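Below: one structure, written as structure tokens.
Counting starts at 1 for both ligands and their atoms, in listed order. Position 1 is the first residue of the sequence, and the numbers go up from there. Here the structure is a predicted model, which means the values were calculated and not measured.
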Amino acid sequence: MFILYVLVFIFGTIIGSFLNAVIYRVPRNESIVYPPSHCANCQHELKPYDLIPIVSYIVLRGKCRYCGNRISIRYPIVELLTGLIYLILFVYFGISIKSLSYAFLASLLIVISFIDMEHKIIPNKIILIGLIVGASFRLITINYGVWDYIVGFLVGGGVLLLISLLSGGGMGGGDIKLMAMIGLFVGWKLTVSTLFLAVVLGAIGGVALILFKIKTRKDYIPFGPYISIGCVISILYGYDLLNLYIKLIRG
Ligand SMILES: [Zn+2]
């Protein structure tokens with residue numbers, strides 16, 4: 001079993017390496033398949049031994065082998081994060097359609113979070129891929145019900161759209177589309193849990209960022225990463241949290 005865990009983690013880091021390319025290229029409107037991986041500074045094409053997830057970054061001490069330019073710490077972070085999330089999903093859900101769909105969703109959330117933090121946008125292209133793949137998973141698992149997810153799609157997008165309308169555009173269009181997409185993957189209950197956690201984490205995070213003077217009150221604070229963290233926590237603990245909440249309000 002241990003060897004299987006190691007393999008799932010390594011597989012996750014390789015996917016993470018691909019996600020890095022997506023994070024870099026999609027906001028720059030570059031193709032994600034061509035040209036092959038190259039240094040963003042000297043354009044030198046990277047060899048397979050430059051592209052080993054996490055390991056290459058450590059061996060090269062975070063610098064390009066060819067021009068010595070610093071490589072963003074984002075690369076090993078995304079690889080490690082993807083590996084860990086894949087491993088956790090595998091431990092929780094085994095080899096199943098569910099873990100496959102959650103792994104796909106988590107990959108999209110990683111891409112969206114890092115793009116939102118750097119560029120302050122959530123690309124429509126990524127959302128569109130999510131909607132298509134999410135709908136495909138619903139067709140594959142149609143025997144287990146589809147309404148739960150359609151309601152999730154409507155609740156996720158609807159609640160944020162309502163907040164946006166009431167607050168006069170306080171919520172970004174990308175966040176609304178992201179929540180709708182998540183609903184299609186996790187169903188309405190976990191969508192509610194995701195919304196709740198995102199708001200709580202966003203409030204804590206926003207205050208912390210301003211207190212530590214990383215951001216000012218006027219700065220845009222991306223909400224995508226909070227939605228993403230809330231969603232991953234919900235996938236793992238959402239039902240426990242909802243049960244706890246119901247117990248609390250019933251006294
Ligand atoms: Zn270089």
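Under the 3.5 Å distance criterion, with hydrogens and angles disregarded, a donor-acceptor pair is assigned to the side chains of N124 and K177. Between the side chains of D50 and Y66, at least one donor-acceptor pair of N or O atoms lies under 3.5 Å. Side-chain N/O atoms of S107 and Y86 include a donor and acceptor closer than 3.5 Å. At a cut-off of 3.5 Å, with distance as the only test, no side-chain donor of T191 or T194 sits close to an acceptor on the other residue.
Checked against the 6.0 Å centroid criterion, the rings of Y102 and F93 qualify as a close aromatic pair.
Residue-and-atom listing of protein N/O/S atoms under 2.8 Å from the Zn ion (ligand 1), sorted by chain and number: C39 SG, C42 SG, C64 SG, C67 SG.
The number of heavy-atom neighbours closer than 6.0 Å to CZ of F212, taken from other residues, nucleotides and ligands shown, is 12 or below.
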